[in-house]
Amino acid sequence: MDTEAHIAAHKSLYQTYIDAWNRCDLDTYCSLFAFPVAIGGGGRAPDVVPDLAAWRARTKGNLDALAARGWSTSTIDALHVGLMAGDTGFITVEYSRLAADGSRIEGGTSNYLTRLIGGTWKMVGMLVP
């Protein structure tokens, strides 16, 4: 396994993720995931999103709710990649959500489980606040 190449691919995956999120580009954002996607964290019971249509609707709702709270953009404060096996990895991100004036609305740490599927790293799980 070319560890450095896989780490770089993970960093690129998350940079594409945050760029698409900030542009509200649902097509690009949703293309980064493989389904079903498992989501946990925040004191909620784990949830499994079965397919692209459900994920797209959920993401649109999340973006709309953030915008209603004054969100304008999200930033990556720190990013760590770990490779757990030949086809499995994770991304841990510290992030901030900002209002249009640059003030911080909130932030946190999120973890994304990844799998190498058909030669491409995809997100398959999330632990988020």
Side-chain angles (χ1 to χ4, degrees):
M1 176 195 301
D2 183 348
T3 301
E4 292 304 315
H6 287 294
I7 289 172
H10 276 80
K11 289 179 178 179
S12 178
L13 172 66
Y14 197 80
Q15 188 62 57
T16 301
Y17 170 103
I18 201 73
D19 290 344
W21 177 264
N22 285 333
R23 290 189 325 273
C24 300
D25 176 355
L26 293 176
D27 291 335
T28 298
Y29 178 85
C30 291
S31 75
L32 304 174
F33 293 84
F35 301 95
V37 171
I39 303 170
R44 299 174 304 271
D47 189 19
V48 175
V49 181
D51 57 36
L52 175 62
W55 185 248
R56 184 180 180 88
R58 182 183 180 122
T59 301
K60 174 81 168 93
N62 288 339
L63 285 167
D64 289 347
L66 280 172
R69 293 177 38 226
W71 169 82
S72 176
T73 192
S74 295
T75 61
I76 301 168
D77 301 327
L79 186 144
H80 174 75
V81 173
L83 301 174
M84 301 183 322
D87 68 347
T88 308
F90 68 89
I91 302 167
T92 298
V93 179
E94 294 175 35
Y95 66 91
S96 294
R97 292 187 175 138
L98 308 175
D101 66 2
S103 62
R104 189 172 190 264
I105 297 171
E106 65 186 9
T109 302
S110 294
N111 298 281
Y112 304 84
L113 179 63
T114 61
R115 288 206 46 231
L116 187 60
I117 300 171
T120 303
W121 286 101
K122 298 282 187 172
M123 295 181 189
V124 296
M126 302 169 72
L127 288 172
V128 296

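Count residues from 1 along the sequence.
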Item checked: Worked verdict on Val37 versus Met123 for side chain to side chain contact (heavy atoms under 4.5 Å, CB included) -> CA-CA 8 Å; Val37 171; Met123 295 181 189; over 6 Å; no
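- One finds the OG atom of Ser72 at 9.0 Å from the CG atom of Asp101 (value rounded to the nearest 0.5 Å).
- Within the model, atoms CZ of Arg104 and OH of Tyr95 stand 8.5 Å from one another, a figure rounded to the nearest 0.5 Å.
- Between atom CZ of residue Arg97 and atom CZ of residue Arg69 there is a gap of 7.0 Å, rounded to the nearest 0.5 Å.
- Linking Ile, Leu, Val, Met, Phe, Trp and Tyr residues whenever their side-chain heavy atoms come within less than 4.5 Å places Tyr14 and Trp55 in a single cluster.
- Shortest non-hydrogen contact noted between Pro129 and Arg44 is O-NH2, 3.4 Å.
- Under the 4.5 Å side-chain contact rule for hydrophobic residues, Leu13 and Ile7 share a cluster.
- With values rounded to the nearest 0.5 angstrom, Thr73 atom OG1 is found 10.0 Å from Ile105 atom CD1.
- When all heavy atoms of Val48 and Pro36 are compared, the closest pair comes out as CG1-CB, 3.6 Å.
- For the pair Asp19 and Arg23, the salt-bridge criterion is not met [side-chain N within less than 4.0 Å of a carboxylate O].
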Item checked: Test log, rule side chain to side chain contact (heavy atoms under 4.5 Å, CB included), inputs Leu63 and Leu26 -> CA-CA 10 Å; Leu63 285 167; Leu26 293 176; 3.8 Å; yes
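- Between the side chain of Thr16 and the main chain of Ser12, a donor-acceptor pair closer than 3.5 Å is present.
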Next item on the list: Give the intermediate values and the outcome of side chain to side chain contact (heavy atoms under 4.5 Å, CB included) for residues Asn62 and Leu66.
Entry: CA-CA 6 Å; Asn62 288 339; Leu66 280 172; 5.5 Å; no
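- When all heavy atoms are compared, the tightest approach of Asn22 to Ser74 is OD1-N, 2.7 Å.
- For Val128 against Ser110, the heavy-atom pair with the smallest separation is CG1-OG, 3.5 Å.
- Here the NE2 atom belonging to His6 is positioned 11.0 Å from the OG1 atom belonging to Thr88, to the nearest 0.5 angstrom.
- Taking the six-membered ring for Trp and thresholds of 30 and 60 degrees, Phe33 and Tyr29 have ring planes inclined between 30 and 60 degrees apart.
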Note to self: Is there a side chain to side chain contact (heavy atoms under 4.5 Å, CB included) between Gln15 and Leu79? Walk through the geometry before answering.
What the structure shows: CA-CA 10 Å; Gln15 188 62 57; Leu79 186 144; over 6 Å; no
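- Between Met84 and Leu113 the shortest side-chain heavy-atom distance falls below 4.5 Å.
- Rounding to the nearest 0.5 Å places CD1 of Ile18 at 7.5 Å from OG1 of Thr75.
- Between Gly89 and Trp121 the shortest heavy-atom distance is N-CZ3, 3.8 Å.
- Checked by atom type and distance alone, the side chain of Ser31 pairs as donor or acceptor with a backbone atom of Thr28 at under 3.5 Å.
- Note: the hydrophobic cluster containing Ile76 also contains Trp21 (ILVMFWY, side chain heavy atoms under 4.5 Å, direct or indirect links).
- Within the 4.5 Å cutoff, the side chain of Arg56 has heavy atoms near those of the Asp27 side chain.
- Shown here is Lys122, whose NZ atom has more than 12 heavy atoms of other residues, nucleotides or ligands within 6.0 Å.
- Nearest heavy atom pair, residue Val124 against residue Arg115, reads CG2-CG, 3.8 Å.
- By the rule that hydrophobic residues join a cluster once side-chain heavy atoms approach within less than 4.5 Å of another member, Tyr17 and Leu98 end up as members of separate clusters.
- Hydrophobic clustering of Ile, Leu, Val, Met, Phe, Trp and Tyr side chains at less than 4.5 Å, counting indirect connections, unites Met126 with Phe35.
- Between Tyr112 and Phe90, the distance from one ring center to the other does not fall under 6.0 angstrom.
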